[in-house]
Amino acid sequence: MKRLNYIGIFVFLSLLLGCATIPTTQVWRPWTRTLESETPLLTNRTMSISVSGQTNPLLGNEDLTKDRIKENVINLLERRGFEITEEEPDYLMLLTYNTVRHDKMSSFSSFSSTSSSLAGTKSGLGVSLAQAIGFAATSQRVSTTQSTFESEMYNHTISAEIYNSDEQLLWKGESTWDTEYLDLTSNIIPALQIIFCYLPSDPTCIPEVEAVKATHTDNYFNLYCMNRRFSCPALPYRLFFREYNFSGITHAFKDRYALAAYVDLMQTAEYALPTGSKNWDNPLKSVLWSKVKLGGQYILEPKKEQINIIMNFTGHRGGYFIDKCDVVSDAEYSEFRIEMDRWQQTLEDYYDVYEK
């Protein structure tokens, strides 16, 4: 009898874990805004980058902080097809940052919003949709929370401006957020990616990441994945790894040498494929987002091996749990891309609201 009870409990838990629900906890997002001139930016052009800024609670030289920020900017822009150079570039990006401290017991409003003109455009639609879903869930365009903090808080602000060779301002992206962490670089990748997604992109550019040693996959998981909540620009809710054993690494990973690629995709993906329903008439419909997929192509260093990865997520109350991460064949990835292309066309049609 006890054996039957145990079997029944196991079956119940399996069914419970297998059921997808619509998450309720929104992902962390900074406030962002992008503005552009009538002169379009073109991909596959050269660009130089200049970084300046100040971390006001700290003293001393900022060069190393600037170098780290610049490395992240270069990586994200090269993925879009821009060539970074200092010799007669087509464009110049001026990136400015500033960090200020809020005093203890100070009271201020934290907010989350995005501003960008999207009708008729193709860039950034996946990220904009994720924002719209989040706003719909809270039934307001801008969420404001008045809070009193007993600990030190820091406000980070970044501004990225792109000029042409005639010193004409073509594009500007801004981002600001409050956090308990003084280090600006701790969350700068998603903050930059959310504004950079509105820049043009060359889809043939494939990002490069390091392959993880077969003997150190548990180490990588424990260092960079365990108990972490990830923010994906293309998803309105948080992402979690579900631990299954005492070593920490989850059975969701079939090809563990690609762990760094999985983590990178979660932090930079600009489009997510909803699989909760086959009816895409309304992309904002919440049932669509009970299950989602992410996919991408990577080149693994040091062997320069090109791989295709697909990640499957199931919604739970607190966010998305990762169900399966695979390095897939070209045929399987091609099927995914066909669905993703169809989804991107759906979004373009949905946002194309003006008569021409």
Side-chain angles (χ1 to χ4, degrees), residues 43-49 51 63-87 89 93 183 185-190 192-193 196-197 201-226 228 230-234 239 241 247-271 293-312 322 324-334 336-337 340:
T43 189
N44 295 312
R45 297 295 190 272
T46 57
M47 183 182 295
S48 66
I49 299 168
V51 179
D63 285 351
L64 296 179
T65 300
K66 295 175 188 176
D67 289 344
R68 181 175 295 182
I69 293 172
K70 188 172 182 178
E71 288 176 6
N72 289 324
V73 173
I74 290 174
N75 179 269
L76 293 175
L77 290 179
E78 285 181 337
R79 296 176 180 215
R80 310 194 74 81
F82 294 101
E83 179 184 347
I84 309 305
T85 181
E86 299 300 326
E87 299 180 2
M93 173 177 283
D183 184 11
T185 62
S186 61
N187 274 318
I188 199 168
I189 291 179
L192 288 171
Q193 180 70 347
F196 286 173
C197 76
S201 179
D202 181 352
T204 65
C205 293
I206 301 177
E208 299 182 3
V209 297
E210 299 289 337
V212 178
K213 295 178 182 177
T215 56
H216 284 63
T217 54
D218 282 354
N219 299 14
Y220 184 94
F221 185 86
N222 293 335
L223 288 169
Y224 302 110
C225 305
M226 172 132 359
R228 284 196 60 183
F230 292 89
S231 298
C232 178
L239 305 176
F241 288 93
S247 69
I249 198 163
T250 170
H251 292 309
F253 299 116
K254 178 181 177 183
D255 303 291
R256 298 181 180 181
Y257 63 88
L259 269 168
Y262 299 142
V263 171
D264 181 90
L265 183 63
M266 286 191 296
Q267 296 183 95
T268 61
E270 298 179 25
Y271 284 92
K293 283 185 179 181
L294 297 178
Q297 293 181 306
Y298 285 87
I299 294 176
L300 289 186
E301 297 285 0
K303 295 182 179 180
K304 299 290 186 180
E305 175 191 3
Q306 182 173 323
I307 61 170
N308 313 307
I309 64 174
I310 293 179
M311 306 181 72
N312 294 270
I322 299 170
K324 188 179 180 183
C325 305
D326 281 342
V327 174
V328 301
S329 66
D330 290 341
E332 184 173 349
Y333 187 74
S334 178
F336 167 80
R337 279 306 320 173
M340 179 61 81

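Computed from a predicted model, the values in this text were never measured in an experiment.
Rounded to the nearest 0.5 angstrom, Ser48 OG and Ile84 CD1 are separated by 8.5 Å. Separating the OG1 atom in Thr185 from the CG atom in Leu64 is a distance of 11.5 Å, to the nearest 0.5 Å. Atom CE in Met340 sits 7.0 Å away from atom CG in Leu294 (nearest 0.5 Å). The line from OH of Tyr298 to CD1 of Ile307 is 8.5 Å long, rounded to the nearest 0.5 Å. Atoms OG1 and CD, on Thr46 and Glu87 in that order, are 10.0 Å from each other to the nearest 0.5 Å. To the nearest 0.5 Å, atoms CD (Glu86) and CE (Met47) are separated by 11.5 Å.
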Asn72 vs Ile74, side-chain contact (heavy atoms from CB on, under 4.5 Å): CA-CA, chis, key distance, verdict: CA-CA 5 Å; Asn72 289 324; Ile74 290 174; over 6 Å; no
Does the side-chain contact (heavy atoms from CB on, under 4.5 Å) test come out yes or no for Val51 and Met93, once each step is laid out? CA-CA 8 Å; Val51 179; Met93 173 177 283; over 6 Å; no
I would like to know whether Asn44 and Phe82 meet side-chain contact (heavy atoms from CB on, under 4.5 Å); could you show each step before the answer? CA-CA 5 Å; Asn44 295 312; Phe82 294 101; over 6 Å; no
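Side-chain atoms of Thr65 and Arg68, non-hydrogen and from C-beta on, never get closer than 4.5 Å to each other. Under the 4.5 Å side-chain criterion, counting only non-hydrogen atoms from C-beta, Phe336 is not in contact with Asn308. Arg80 has its side chain within reach of Glu270: a pair of non-hydrogen atoms, C-beta onward, lies under 4.5 Å apart. Here the side chains of Leu265 and Met311 are in contact, with some heavy-atom distance below 4.5 Å. In this structure, Asn75 and Val73 have side chains that are not in contact, with every pair of non-hydrogen atoms separated by 4.5 Å or more. Val328 is not listed as a side-chain neighbour of Ile309, based on a closest heavy-atom distance of 4.5 Å or more. Within the 4.5 Å cutoff, side-chain heavy atoms of Asp255 are placed close to those of Tyr262. Here the side chains of Ile206 and Gln306 are in contact, with some heavy-atom distance below 4.5 Å.
Within the 3.5 Å criterion, the main-chain N or O of Ile49 finds a donor-acceptor partner in the side chain of Lys70.
More than 12 non-hydrogen atoms from other residues, nucleotides or ligands lie less than 6.0 angstrom from CZ of Arg79. Environment of NZ in Lys293: sparse, with no more than 12 heavy atoms of neighbouring residues, nucleotides or ligands closer than 6.0 Å.
When all heavy atoms are compared, the tightest approach of Ser201 to Thr43 is C-OG1, 4.2 Å. The heavy-atom pair separating Thr268 from Gln193 by the smallest distance is O-NE2, 2.7 Å. Heavy-atom minimum distance, Ala260 versus Glu210: CB-O, 3.4 Å. Heavy-atom minimum distance, Tyr224 versus Phe230: O-CZ, 3.4 Å. Heavy atoms only, all atoms of each residue included: Thr217 and Leu259 are closest at O-CD1, 3.6 Å. Pairing each heavy atom of Gly81 with each of Cys205, the nearest pair is CA-SG, 3.4 Å.
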